[in-house]
Amino acid sequence: MILLEKLQSNLKPIDHESLNKTFVGYSNLYQQSIFVKQFAKKQGCYTEETVTRQMNDRVITTFSIDNRYILILKDVEPRDIPSTIDQNLAFKMGQVLGEFHMQIKPFPKIKIVQNQFDAYLSEIYTFQDSFYKSQLNKVAEKFTMHKNEIQKDLKNNSHFVLHGDVGIRNYKYIGGKLTLIDFEKARLGPVYQDFIKLFYQDFSLNPDLIDSFLKGYSTKNSDYQLLGLTKQYLIFTTAVGIFNYTEKIEDIAFKKVGERMLASIEE
């Protein structure tokens, strides 16, 4: 109610699986249609605002209400991309992500992808599901043995600002142009990190789609190679993140993506 009064708007919620809330509507205060994103964490709001300002002129303002962090953007009526991806669209998606990695520059207080074995182990110990807890701890031992090697590779290849949540749902057509949205998880790290969920979840490890995507990506940025061990480590940490999320929000399909990642590492 406070938010509606402040914006002089009759906002409608957008239904989606997230810890954040989003709304759209016309604001009499700003005399235009607005997109409102309410964040649970200050860092997420700050990161999305900062990256968006580098991408376009959509940011109107930010403020906080009762420990909720609000970002107000111009509404641009984004359209979904097809749920069934072909090789041509995969190529274009690769180009868009490559452009993102080349365009967005590091900024103050940006999160950094690091070799934080202890942090991930602590996260695993909080899981309620003992089966995944046991599996993840077993896999973690493998990477701990190569800690210095992985750490060096990450340090040498973490030059780019990652999107942090690359997937079909975050690719949209805006004004007829394919682009990315939702930047709250942006961080500094190796670009391969941004490929993982897309390849495992949306591409279902389809080799033709992955090949087309990487061909498109390499037209914009060819700097994405890592040691195989480091790639596996990043797949592992992504799986930990997925299980952490599905412990809080029930999402069986997403949980299966984490299972697929874990299985591929064990193989």
Pairs of donor and acceptor atoms involving the side chains of residues 121-128, under 3.5 Å and at least two apart or interchain, shall be tabulated with distances.
unit_1	atom_1	unit_2	atom_2	d
S122	OG	D118	O	3.0
E123	OE2	N244	ND2	3.3
T126	OG1	E123	O	2.6

With a cut-off of 6.0 Å (strictly less than), are more than 12 heavy atoms of other residues, nucleotides or ligands near [atom1] of [X]?
X	atom1	answer
N10	CG	no
K133	NZ	yes
K215	NZ	no

| request: Using modelled atom types only, decide if a donor and an acceptor are shared between the side chain of R79 and the backbone of E77 within a distance under 3.5 Å. | output: no

| request: If the plane angle is over 60° it's perpendicular, under 30° parallel, otherwise tilted; pick one for F213 and F199. | output: perpendicular

| Aromatic ring pairing F254/Y245, orientation class (parallel under 30°, perpendicular over 60°, tilted between) | perpendicular

| field | Y200 and S264: side chain donor to acceptor below 3.5 Å | value |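 Yes, S264 and Y200 have a side-chain donor paired with an acceptor closer than 3.5 Å.
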
| query | How about L229 and F143: do any of their side-chain heavy atoms sit closer than 4.5 Å? | reply | yes

| field | Cluster check L89, F91: I/L/V/M/F/W/Y, side chain < 4.5 angstrom | value |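 No; tracing contacts between hydrophobic side chains, which count when under 4.5 Å, never links both residues.
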
| message | Can you list everything that forms a side chain to side chain donor-acceptor pair (under 3.5 Å) with Q8? Sequence neighbours excluded, please. | response | none

| query | Would D251 and K255 pass as an ion pair if we require N to O under 4.0 Å? | reply | no

